[in-house]
Every structure is written in structure tokens, then in C-alpha cells.
**Q** 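Have a look at this one before I ask anything.
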Amino acid sequence: MRSLQDVLYNWLTIKVVHDARPNDTAAKETCTHFEAVLSSQFHVSNIQITKDEVMYYLSFQHNGEQKNTRFPRDLIEVMLTQINLEPEKYENYPLVEE
């Protein structure tokens, strides 16, 4: 599978979208998927997020060790920015209960 860095990046990108759009079904499902991958495949827990005007900073437990990483805000927020610029392309489709 992908590297831990890739999964953290993808998770944070969709988490930012999900936080901004809590009723977005696709964002919620995708965020949940990446959280499961982080936990089960990479043994990551206790993720803490902070940000400043330039970066997102993650602090987390990985295999029992405290780790830190960072990502530029413009890269993390690109999906949310695109959704906000063209919301008609990102209509929410609720789950259909069977």
C-alpha cells in the first residue's frame, strides 16, 4: 500500500473537507476509510492537528512512538477550495438505506 506520509496527507485533505461539510456523505465515508487504514495498517493513533497561516502540523502515535509531520496548507486545502469555487459539481448524495 501507500506510505504512511501518503495516507496521512490523504486523510488530512479529506478531514478538512469533512470538517467544513459535516453532512457530505462522500467526505465522511472517505475520512472513515482513511482513519481505518491509519489505525489497522499503520498503527497510528491519537492524531492531533494544529495549523498556522502556512502549515498543518500533525502529532501522533505510531507503533508506540510519538511522531510529527507537517503539510503545506495550500496542498491540504486544495480540495475544499475547489468544492467552494464550484459547489454545483459537488452535490451531496445521501446514502440509501436498504
Side-chain angles (χ1 to χ4, degrees):
M1 174 124 209
R2 298 168 251 209
S3 71
L4 174 57
Q5 191 79 359
D6 288 344
V7 177
L8 285 167
Y9 168 82
N10 288 320
W11 169 77
L12 183 57
T13 301
I14 198 64
K15 179 164 178 34
V16 167
V17 172
H18 177 55
D19 289 351
R21 297 169 45 104
N23 295 325
D24 184 324
T25 306
K28 179 180 180 180
E29 289 177 346
T30 306
C31 190
T32 299
H33 166 74
F34 280 113
E35 287 169 352
V37 170
L38 285 167
S39 177
S40 66
Q41 293 182 20
F42 290 98
H43 311 289
V44 168
S45 61
N46 302 323
I47 302 173
Q48 302 296 315
I49 303 168
T50 57
K51 64 182 177 179
D52 60 24
E53 51 282 337
V54 178
M55 299 289 249
Y56 278 88
Y57 302 92
L58 300 181
S59 176
F60 56 94
Q61 292 285 316
H62 177 237
N63 290 324
E65 289 184 47
Q66 187 66 28
K67 303 279 184 153
N68 300 296
T69 193
R70 63 185 181 171
F71 298 97
R73 279 184 73 163
D74 58 339
L75 292 179
I76 295 300
E77 295 173 357
V78 70
M79 184 181 294
L80 181 59
T81 300
Q82 184 62 35
I83 290 169
N84 288 336
L85 287 173
E86 299 180 284
E88 68 281 358
K89 291 183 179 181
Y90 301 93
E91 184 176 342
N92 185 38
Y93 295 99
L95 289 176
V96 176
E97 298 291 327
E98 292 184 26

**Q** Show the nearest heavy-atom pair for residues Trp11 and Glu35, with the distance to one decimal.
**A** NE1-CG, 3.2 Å
**Q** With side chains defined as the heavy atoms from C-beta onward, is the minimum distance between Leu85 and Thr81 less than 4.5 Å?
**A** yes
**Q** Going only through I, L, V, M, F, W and Y residues with side-chain contacts under 4.5 Å, is there a path from Ile47 to Leu75?
**A** yes
**Q** Please report the closest heavy-atom contact between Ile14 and Ala27, naming both atoms and the distance.
**A** CG1-O, 3.7 Å
**Q** Out of curiosity, Lys67 NZ to Asn46 CG, how far, rounded to the nearest 0.5 Å?
**A** 15.0 Å
**Q** Distance check, rounded to the nearest 0.5 Å: Thr13 atom OG1 versus Phe34 atom CZ?
**A** 8.5 Å
**Q** Under the criterion side-chain contact (heavy atoms from CB on, under 4.5 Å), I'd like the reasoning laid out for Gln66 against Gln61: C-alpha separation, chi angles, the key distance, then a yes or no.
**A** CA-CA 5 Å; Gln66 187 66 28; Gln61 292 285 316; 2.5 Å; yes
**Q** Under the criterion side-chain contact (heavy atoms from CB on, under 4.5 Å), I'd like the reasoning laid out for Ile49 against Lys15: C-alpha separation, chi angles, the key distance, then a yes or no.
**A** CA-CA 11 Å; Ile49 303 168; Lys15 179 164 178 34; 3.7 Å; yes
**Q** Tell me, do Arg2 and Asn10 make a side-chain contact under 4.5 Å, heavy atoms counted?
**A** yes
**Q** Applying side-chain contact (heavy atoms from CB on, under 4.5 Å), run through Leu80 and Asn84 and close with a yes or a no.
**A** CA-CA 6 Å; Leu80 181 59; Asn84 288 336; 3.7 Å; yes
**Q** Run the side chain to side chain donor-acceptor pair (under 3.5 Å) test against Tyr9 and tell me which residues pass, sequence neighbours left out.
**A** none
**Q** Between Lys28 and Asp24, is the closest basic N to carboxylate O distance under 4.0 Å?
**A** no
**Q** So, do Leu38 and Phe60 sit near enough that their side-chain heavy atoms are less than 4.5 Å apart?
**A** no
**Q** How would you list, by chain and number, every residue that makes a salt bridge (charged side-chain N to carboxylate O under 4.0 Å, His left out) with Arg70, sequence neighbours excluded?
**A** none
**Q** Which distance, rounded to the nearest 0.5 Å, do you find between the CG of Leu12 and the NZ of Lys51?
**A** 9.5 Å
**Q** Does Tyr57 sit in a hydrophobic cluster with other residues, and if so which ones, taking ILVMFWY side chains as linked at heavy-atom separations under 4.5 Å, directly or through other members?
**A** Val54, Met55
**Q** Would you say the side chain of Glu77 lies within less than 4.5 Å of the side chain of Phe71, judging by non-hydrogen atoms?
**A** no
